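Here is the structure we will look at.
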Amino acid sequence: KKKEYNAILQHYFDSTLLRPSLGFSGGILVAKGGTILFEHYQGYEDYPGRTKPLTSSNSLHIASSTKPFTAIAILTLVQEKKLALTDSLTRFFPTLPYPGLTIRDLLSHRSGLPNYLYFMEAANKDNRKDNNGEHNREKQRMVSNQDVLNTLLSTRPPAQAAPNTRFEYCNTNYVLLALVIEKLSGLSFPVYMKKYFFDRLSMHNTFVYQPQDSVRSTPSYQPNGSRWSLDYLDQTYGDKNIYSTPQDLLKWDQALYTDQLIDTSLLQQAFSGYSFERPGTHNYGLGFRLSFLPHGKKIVYHFGRWHGNNAAFTRLLDDKVVIIILGNRFNRSIYAAAHNSYDLFGNYFKADADEEVP
């Protein structure tokens, strides 16, 4: 059966994402029940030179596929009775000028908070002035999670919605959740995740990016192969900034079938939908995107994009299948290639639309 699946998957990817015209650069791993059925790496970590082929040990930015890690970290603290999903955010940030928010609202993207990817652009302009008073992107100061919080407190950018009234995907939620983890643990988010998740699961090529990681982090590139430079938002974390490999993400997938991270009851809360304002199959749990299909099958996933990185992490729970695709050269075809592979394992979508991408 494994050989059959390998042949089917090889043919599938050869005819889709791995077509030479698409220029895929990254890694693909598909496993069922923890057994790898297909694994492939191609492309380079150094465009345009092309002297260093990508391998299974190259750590790539997984973008918003970071959010499930942050969510599970929060749920471990819930399990340890250090906080509750119903806790008010003012417990941690007493002067936050957005009342009525809970931890669950942040996890499920129902806070209505403004997205820092936009309001920090305006707040950061003064940090980009050169001696002549002109704006200079090369001189901009790197923004931290604390800077995002401080800007919320000082400039009070308008909310997108009232608390818990609608789903509104917002990276600010997960930047604040990382700060909550730091407050409760006394550890920085990168250290906490390494100690309690990456080391514990033997994810040796996975880390939360910090400046000292520039040597081991794989750069990302434009479609034409020119390097995608880091910018002033490349040190915020919780919403993004985990670097990993397909093999390490398989370990993460397998751990989520057990109670070694959190109890099954809490995990089920993460895999439950919280937004039902609009009809449809798509929903969002606590850190995971969800598809509830008409015939009863359930898909738990999170796609991501940051700079030239595209990431797809999908778990087909009914078939114990995981599809992992990471790319370091911007390529939207990654999402369709992941989505359209589900039907190789059963009747999932056929002609349904693609999943939502951040």
Side-chain angles (χ1 to χ4, degrees), residues 26-27 58-77 106-109 115-117 143-145 148 169-182 185 187-201 203 205-211 213 216-218 220 230-231 233-253 255-256 261-262 270 284-290 300-315 322 324-328 334-335 338 355-358:
N58 277 107
S59 302
L60 276 61
H61 198 307
I62 68 171
S64 284
S65 299
T66 294
K67 289 182 174 74
F69 284 92
T70 305
I72 296 298
I74 285 287
L75 291 176
T76 62
L77 295 171
L106 269 63
L107 286 168
S108 58
H109 289 296
N115 198 325
Y116 84 95
L117 296 182
V143 167
S144 69
N145 285 43
V148 173
Y169 189 87
C170 177
N171 291 283
T172 308
N173 296 324
Y174 279 75
V175 164
L176 295 181
L177 288 170
L179 288 174
V180 169
I181 291 167
E182 292 181 334
S185 69
L187 300 172
S188 71
F189 183 73
V191 170
Y192 184 88
M193 297 305 292
K194 182 178 189 301
K195 180 177 180 179
Y196 291 102
F197 291 91
F198 308 149
D199 285 352
R200 190 173 173 186
L201 299 178
M203 298 172 67
N205 292 310
T206 301
F207 54 90
V208 179
Y209 178 83
Q210 297 177 280
D213 295 309
R216 61 174 176 160
S217 59
T218 303
S220 72
L230 300 184
D231 63 35
L233 295 178
D234 272 297
Q235 288 183 24
T236 49
Y237 45 63
D239 60 325
K240 57 177 173 58
N241 250 351
I242 285 180
Y243 281 69
S244 190
T245 67
Q247 290 182 0
D248 275 3
L249 291 177
L250 174 59
K251 295 174 182 177
W252 168 241
D253 163 72
L256 292 174
L261 298 177
I262 58 173
Y284 202 96
L286 304 179
F288 294 85
R289 289 191 182 272
L290 308 167
V300 175
Y301 70 102
H302 217 300
F303 290 176
R305 178 217 165 170
W306 184 250
H307 297 335
N309 296 106
N310 303 93
F313 175 78
T314 298
R315 309 177 73 228
V322 64
I324 301 162
I325 309 177
L326 304 180
N328 73 320
I334 285 173
Y335 309 126
E355 279 94 333
E356 299 175 62
V357 179

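Note that the structure is a prediction, hence the values are computed from the model and not measured.
For the ring-ring contact (aromatic ring centres under 6.0 Å, His included) test, no residue two or more places apart in sequence or in another chain qualifies with Tyr116. Taking the side chain to side chain donor-acceptor pair (under 3.5 Å) definition, one finds that Asn328 meets it with Ser25, sequence neighbours left out. Checked against ring-ring contact (aromatic ring centres under 6.0 Å, His included), Tyr243 has the following partners two or more places apart in sequence or in another chain: His61, Phe207, Tyr209. Considering only residues two or more places apart in sequence or on other chains, Thr76 meets the side chain to side chain donor-acceptor pair (under 3.5 Å) condition with Tyr192. Contacts of Asp253 classified as salt bridge (Lys or Arg N to Asp or Glu O under 4.0 Å), with partners at least two apart in sequence or in another chain: Arg315. Looking at residues two or more places apart in sequence or on another chain, you find no salt bridge (Lys or Arg N to Asp or Glu O under 4.0 Å) involving Arg200.
In this structure, the side chains of Asn309 and Leu326 stay at 4.5 Å or more apart for every pair of heavy atoms. Two residues are said to be in side-chain contact when any heavy atoms from C-beta on lie closer than 4.5 Å; Leu177 and Lys67 fail this criterion. At least one side-chain heavy atom of Ser244 sits under 4.5 Å from a side-chain heavy atom of Met203. Side chains of Leu261 and Leu256 form a contact here, defined as non-hydrogen atoms less than 4.5 Å apart. Residues Glu182 and Asn145 form no side-chain contact, since every pair of their non-hydrogen atoms from C-beta on lies 4.5 Å or further apart.
Between Tyr237 and Phe189, the ring planes lie parallel to each other; the angle is under 30°, not in the 30° to 60° tilted range. The aromatic rings of Trp252 and Phe69 sit parallel to each other, their planes meeting at less than 30°, with 60° as the upper class boundary.
Side-chain atoms of Asn205 and Thr245 form no donor-acceptor pair, as typed in the model, at a separation below 3.5 Å. When only modelled atom types and interatomic distance are considered, Tyr169 and Ser64 share a side-chain donor-acceptor pair under 3.5 Å.
From Ile62, atom CD1 reaches atom CD1 of Ile242 across 5.0 Å, with rounding to the nearest 0.5 Å. Atom-to-atom distance recorded for Ile262:CD1 and Leu75:CG is 4.5 Å, nearest 0.5 angstrom. For the atom pair CG (Asp199) and NZ (Lys194), the distance works out to 3.5 Å, reported to the nearest 0.5 Å.
You'll find the ring centres of His302 and Phe313 outside the 6.0 Å limit.
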